[in-house]
Amino acid sequence: MASLEEVDVLVVGAGPAGSLTAEYAAMGGADVLMIEKRPVIGVPVRCGEFMPQVDEIRRIFPQADLGTVFDLPSQLRSLETEAIRIYSPKLRSFDVAFHGYTTFRDGFDQFLAGRATRAGARVRTGVQCSSISQGVVKTSMGEIRAKVVVGADGPLSVVAKSLGLERSWDLCPTASTFAKGDFEPVPEMYFGNVAPGGYAWVIPKKEGANVGLGYSKRYARGNLDFYWREFLKFRPLDVGKLHGKPVPMSGPIPSTVKGNALVVGDAAGQVMAVNGGGIPIAMICGRIAGEVASAHLRGKADLMEYERRWRQQVGGPLKTALGTKRLAMLMFGSQWRLEQAMRFLGPKRMGKAIRCQSVLL
Ligand SMILES: Cc1cc2nc3c(=O)[nH]c(=O)nc-3n(C[C@H](O)[C@H](O)[C@H](O)COP(=O)(O)OP(=O)(O)OC[C@H]3O[C@@H](n4cnc5c(N)ncnc54)[C@H](O)[C@@H]3O)c2cc1C
């Protein structure tokens with residue numbers, strides 16, 4: 001009979017949420033194991049690779065305790081940008097001031113996993129969690145019993161499913177790739193039929209651009225391939241292979257803790273519903289998850305403390321973003337309505353929407 005491995009904290013998934021959880025749980029003194037199903041962390045890249053600068057993260061989440069979470073080496077920055085150019089269905093453009101940068105998402109995720117390792121966590125790649133039953137986590141490399149299990153396994157979370165926690169009900173097909181060429185140093189977002197209920201993007205990097213799109217199945221009349229081909233007809237580009245996964249767009253799930261387990265990042269629906277961005281929130285909430293998990297093992301906190309703290313730190317802006325998205329959904333069904341709404345909003349209100357602030361105030 002295969003032996004049962006025992007750990008304090010088992011983290012499933014080595015994305016930003018998992019690595020931050022592993023790092024902070026290990027710093028709190030826990031014996032941490034993080035498993036990742038992909039053989040190489042962060043590969044292939046399935047991301048727009050756009051990050052807000054720290055001043056923007058503070059503006060978006062004024063209640064969040066950022067600590068040193070975003071102390072990242074400059075080598076992870078490909079290109080810094082000062083504005084985002086937003087195109088309406090009729091290609092009217094709006095420049096919204098916003099401090100951001102493009103990263104190298106593979107290197108970014110590998111750096112965060114390395115930080116977790118340096119804090120004392122063990123990382124195993126090529127290991128997939130298939131289910132959890134009676135407190136035992138089944139993986140492709142044997143069974144593991146953990147005092148705390150953390151599901152950081154993305155929007156289709158096996159951990160959430162096994163625990164009977166809700167998962168996002170609005171999963172938007174989204175994919176990206178790299179395009180060679182020279183691009184103006186301004187990220188572009190295209191709204192309208194090109195990506196109904198979502199947007200297509202061209203986000204410049206040092207020697208090319210990250211390009212991709214995400215759309216809502218509710219308004220779609222084709223699949224991802226269809227929209228991708230249409231986008232390339234409209235914007236011919238020298239692109240590589242497209243890689244994608246769903247983005248959870250229905251807001252945080254109602255409960256993120258159950259028994260000795262919790263879920264974090266995309267698995268918990270912790271994504272800005274207005275733009276699908278989730279890296280900064282995954283990192284903020286991962287830190288909270290790791291701190292609470294280790295405090296719990298020292299007898300200093302209930303796991304519910306995680307739910308309370310992440311909602312207090314990022315819950316408000318995520319709720320506002322969801323409200324804005326619901327308003328936008330009323331427009332997405334008609335190109336004309338969407339065009340009028342974008343003209344009404346203008347760059348100032350669009351800036352508020354991007355920053356998860358109310359567009360009505
Ligand atoms: C195409 C695309 C573009 C995006 N662009 C941006 C952007 O520009 N900026 C931004 O902020 N956000 C962006 N996002 C969203 C962002 O990528 C996510 O919100 C973020 O990665 C969430 O981090 P996470 O750690 O929760 O999940 P993930 O990064 O998805 O990590 C989950 C990890 O768990 C692993 N895993 C899954 N199941 C298992 C299992 N059963 N066993 C073991 N391991 C498992 C996966 O392989 C993965 O490595 C984009 C998303 C997509 C799909």
Side-chain angles (χ1 to χ4, degrees), residues 10-22 33-52 56-57 60 78 84 100-103 105-106 108-110 112-113 116 123-132 137-141 144 149-162 168 171-177 187 189 195 198-201 203 205 210-215 224 228 242-249 256 263-286 289 354:
L10 176 69
V11 180
V12 180
S19 285
L20 267 289
T21 307
L33 174 64
M34 176 162 69
I35 59 168
E36 164 58 47
K37 72 176 177 184
R38 294 196 267 178
V40 183
I41 289 171
V43 178
V45 170
R46 299 173 302 189
C47 186
E49 304 181 287
F50 185 73
M51 277 288 289
E56 293 288 5
I57 297 175
I60 301 169
S78 175
I84 297 175
Y101 66 94
T102 18
T103 185
R105 183 65 197 272
D106 42 3
F108 188 93
D109 283 15
Q110 287 157 15
L112 295 181
V123 181
R124 263 180 229 158
T125 54
V127 181
Q128 180 160 3
C129 162
S130 53
S131 66
I132 305 173
V137 179
K138 295 196 165 60
T139 80
S140 51
M141 289 187 59
I144 304 167
V149 177
V150 178
D153 48 345
L156 304 173
S157 175
V158 166
V159 173
K161 188 176 178 207
S162 292
S168 175
L171 293 172
C172 290
T174 311
S176 67
T177 187
M189 296 166 82
Y199 59 90
W201 68 81
I203 304 178
K205 296 183 75 173
N210 183 303
V211 293
L213 61 83
Y215 64 91
L224 191 61
W228 186 234
L242 203 59
H243 293 284
K245 65 175 181 142
V247 172
M249 294 292 274
T256 56
V263 289
V264 62
D266 274 16
Q270 291 160 338
V271 168
M272 291 180 271
V274 270
N275 53 40
I279 305 170
I281 315 160
M283 293 170 70
I284 293 167
C285 296
I354 288 175

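One-based numbering, in listed order, for ligands and for the atoms of each.
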To which protein heavy atom is [atom] closest, and what is the distance rounded to 0.1 Å?
| atom | result |
| --- | --- |
| atom 37 (C) of ligand 1 | D153 O, 3.3 Å |
| atom 47 (O) of ligand 1 | E36 OE2, 2.6 Å |
| atom 8 (O) of ligand 1 | F50 N, 3.0 Å |
| atom 41 (N) of ligand 1 | C129 O, 3.0 Å |
| atom 6 (C) of ligand 1 | C47 SG, 3.5 Å |
| atom 30 (O) of ligand 1 | K245 NZ, 2.6 Å |
| atom 12 (N) of ligand 1 | G278 N, 3.1 Å |
| atom 4 (C) of ligand 1 | G48 N, 3.2 Å |

Within a distance under 4.0 Å of any heavy atom of [X], pick out the atoms of ligand 1 and give their elements.
| X | result |
| --- | --- |
| A175 | 1 (C) |
| G15 | 25 (O), 29 (O), 31 (O), 33 (C) |
| V127 | 43 (C) |
| G276 | 12 (N), 13 (C), 14 (N), 15 (C) |
| P280 | 11 (O) |
| V247 | 51 (C), 52 (C), 53 (C) |
| D266 | 18 (C), 19 (O), 20 (C), 22 (C), 26 (O) |
| A17 | 24 (P), 25 (O), 26 (O) |

Can you confirm whether [X] sits close enough to [Y] that some side-chain heavy atom of one is under 4.5 Å from a side-chain heavy atom of the other?
| X | Y | value |
| --- | --- | --- |
| L10 | I35 | yes |
| V211 | T177 | yes |
| T125 | P39 | no |
| L20 | V264 | no |
| I281 | M272 | yes |
| P16 | D109 | yes |
| P173 | Y215 | yes |
| P280 | M51 | yes |

Are the side chain of [X] and the backbone N or O of [Y] linked by a donor-acceptor pair below 3.5 Å?
| X | Y | value |
| --- | --- | --- |
| S157 | A267 | no |
| R46 | T174 | no |
| S176 | C47 | yes |

If you measure from each non-hydrogen atom of [X] to ligand 1, which part falls under 4.0 Å: side chain, backbone, both or neither?
| X | value |
| --- | --- |
| Q270 | neither |
| A282 | side chain |
| V12 | side chain |
| W201 | side chain |
| T174 | both |
| M283 | neither |
| A152 | backbone |
| S19 | neither |

Over all heavy atoms of both residues, which pair between G15 and E36 is shortest? Give the atoms and the distance, please.
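Heavy-atom minimum between the residues: N-OE1, 4.4 Å.
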Nearest 0.5 angstrom please: [X] [atom1] to [Y] [atom2], how far?
| X | Y | atom1 | atom2 | value |
| --- | --- | --- | --- | --- |
| I144 | R124 | CD1 | CZ | 6.0 Å |
| L213 | Y199 | CG | OH | 10.5 Å |
| S130 | K138 | OG | NZ | 7.5 Å |
| F108 | I279 | CZ | CD1 | 5.5 Å |

Selection from [options] by shortest heavy-atom distance to [atom]:
| atom | options | result |
| --- | --- | --- |
| atom 27 (O) of ligand 1 | P246, P187, G154 | G154 |
| atom 29 (O) of ligand 1 | K37, R46, R105 | R105 |
| atom 23 (O) of ligand 1 | G265, S140, P16, G286 | P16 |

Which of these passes side-chain contact (heavy atoms from CB on, under 4.5 Å) with R105: N210, V45, V43?
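With R105 as partner, side-chain contact (heavy atoms from CB on, under 4.5 Å) holds for just one option, V45.
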Touching ligand 1 at all, G212? Heavy atoms, strictly under 4.0 Å?
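For ligand 1, residue contact (heavy atoms, under 4.0 Å) with G212 is absent.
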Below 3.5 angstrom, do we get any N/O pair linking V158 and ligand 1?
no
